[in-house]
Protein chains: 2
Amino acid sequence: MTETLKQGSATAASRIYETLRQDLLNGRYRAGERLSITLLRETYDVGLSPLREALNRLAAYGLLRQENQRGFRVLELTREELADITEMRRQLEGMALELAIRHGDEEWESQLLAANHRLARAGEHTPVVEWESLHSRFHSALVAPCGSAWLLRFISQLHDQFDRYRRVAPRAQELRHQLDSQHQELVDLALTRDARRARALIEEHITLSSEVAKRSCR
Amino acid sequence: MTETLKQGSATAASRIYETLRQDLLNGRYRAGERLSITLLRETYDVGLSPLREALNRLAAYGLLRQENQRGFRVLELTREELADITEMRRQLEGMALELAIRHGDEEWESQLLAANHRLARAGEHTPVVEWESLHSRFHSALVAPCGSAWLLRFISQLHDQFDRYRRVAPRAQELRHQLDSQHQELVDLALTRDARRARALIEEHITLSSEVAKRSCR
DNA sequence: TTTCTGGAAATAATCGATTATTTGACTCAG
DNA sequence: CTGAGTCAAATAATCGATTATTTCCAGAAA
């Protein structure tokens, strides 16, 4: 959905959509909270029509729940849904990584190395929002050449869902290092085209991330 | 998305969303066609705001393409995308069916038998729109207890995509019988809890449907 | 003929005001 | 007290009008 602003100048609706999406991922709004349209209008200083269009998109995308005549709500954070999202990510990203390793060319290898390098360079001092962007780009680069637009779409959608949990979870320094080194290992396995072990590792990586994210429920 | 009209009386936006969705699946609009908002307003006799909200939802759902400042377009029908949708359906519905067979209880068996019975009873004289509904319900019932809301969501979305191709394809009488008998076989394998063979059959079923649908491209 | 360019017409996007529905406080009968 | 009913305030949804952008065509220049 990020690429909605393909060419023409972004409309007010597209701009507020992207802003709201980021704010939802960053936990600016409490889980389950009702989003008052009047309040949002003032907060973001935006017209009613573009705002409502953005909210409708977010609901269709799955970041908001829409109840007729009762407006929009932020989704809850539950262990059950996190488990569902995690398992789907394991399956879909595992599948995508195998395909990417089969189909990826030299260009992919370069992009992957670059994305990994940029992510690895980012240290403690890097702003969170920037680290999140690099992290997101790394995982995108990893599966990019899987050959299925729909698979990539579902994976992005699940990443957004997952991030809602991960970003509000308390910092877990001890697991952070392990997760970081897995990024490097994933690159190594991808470059040596070891699809079997790469798939196993990304599944483990997702499960480990989920352990961190789990601390944001209840 | 169908259950958007959960409780409260449906809003104009929800009603026009569902109507447009059906019309898009039924091929009322040509692939790639630009949907003039002014024209849609007259056609469906609906206000501008609810119409635009519905269009925004449909774009986020993937049944329309939105270009900033240039309105909405119906998606193209291409062999490449049909192949993608088909392969994704094979993987996801195969996965879901295995899970459903593992988790489904007696209630599921009853629902499945009922759905199959209603579908099998529908003969040549049955209105197409009703047959489509029964067919859709059968496939939903098959995977319903897979345990993953996200998996079911993705499968529904892919079904809608697939139906755009299938419904505009010319009638294929010779394959129709084979597809119908596969429905019965799927029920048999589900009830005997033969996950392995059931998965193989649903994958075959999807591939065969795809052969029919392929005749709608180019 | 082809390629710009200006500007009117068409159309998408947005705004401001209005209508419809829900929410919550209050009343009163049981 | 409790629960149903009622009304006013809050808020979501919709409408009608306005603004901004794109599209398209005529006419000029190469």
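Below, chains carry the letters A, B, ... as their sequence lines are ordered, and counting in each starts from 1.
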Item to check | Of residues 42-56 of chain B, the positions that come close to DNA chain D - non-hydrogen atoms, cut-off under 4.0 Å | outcome: B:Gly47, B:Leu48, B:Ser49, B:Pro50
Checklist outcome for this item: Residues of residues 30-41 of chain A with a heavy atom under 4.0 Å from any atom of DNA chain D, listed by number, are A:Arg34, A:Ser36, A:Ile37, A:Thr38
Checklist entry - salt bridge (Lys or Arg N to Asp or Glu O under 4.0 Å) with B:Glu130: which residues, sequence neighbours excluded? => result none
Checklist entry - Who are the salt bridge (Lys or Arg N to Asp or Glu O under 4.0 Å) partners of B:Arg28, not counting sequence neighbours? => result B:Asp23
State which residues pass side chain to side chain contact (heavy atoms under 4.5 Å, CB included) with [X]; sequence neighbours excluded, sorted by chain then number.
X	value
A:Ala13	A:Thr11, A:Pro50, A:Glu53, A:Arg57
B:Asn26	B:Gln22, B:Arg167
B:Thr38	B:Ser36
B:Arg137	B:Ser133

Rounded to whole Å, please give me the gap between [atom1] in [X] and [atom2] in [N].
X	N	atom1	atom2	result
B:Phe72	D:dT22	CZ	P	15 Å
A:Asn68	C:dA20	CG	C1'	13 Å
A:Leu64	D:dA12	CG	C1'	15 Å
B:Arg70	C:dA12	CZ	C1'	12 Å

Report all side-chain donor-acceptor pairs from residues 109-127 of chain B shorter than 3.5 Å, counting only partners two or more places apart or in another chain.
residue  : atom : partner  : partner atom : Å
B:Glu109 : OE2  : B:Arg193 : NH2          : 2.5
B:Ser110 : OG   : B:Glu106 : O            : 3.0
B:Gln111 : NE2  : B:Glu107 : OE2          : 2.7
B:Asn116 : ND2  : B:Gln184 : OE1          : 3.0
B:Thr126 : OG1  : B:Gly123 : N            : 2.9
B:Thr126 : OG1  : B:Gly123 : O            : 3.2

Checklist entry - Would a line drawn from the ring center of A:His205 to the ring center of A:His139 be shorter than 6.0 Å? => result yes
Item to check | Bending between helix ends of the helix from C:dT1-D:dA30 to C:dG30-D:dC1 [5 pairs per end, 10° resolution] | outcome: 20°
Checklist entry - Considering residues at least two apart in sequence or located in another chain, which fulfil the side chain to side chain donor-acceptor pair (under 3.5 Å) criterion with B:Trp150? => result A:Glu81
Checklist entry - Can you pull the salt bridge (Lys or Arg N to Asp or Glu O under 4.0 Å) pairs that have at least one residue in residues 38-49 of chain A, sequence neighbours excluded? => result none
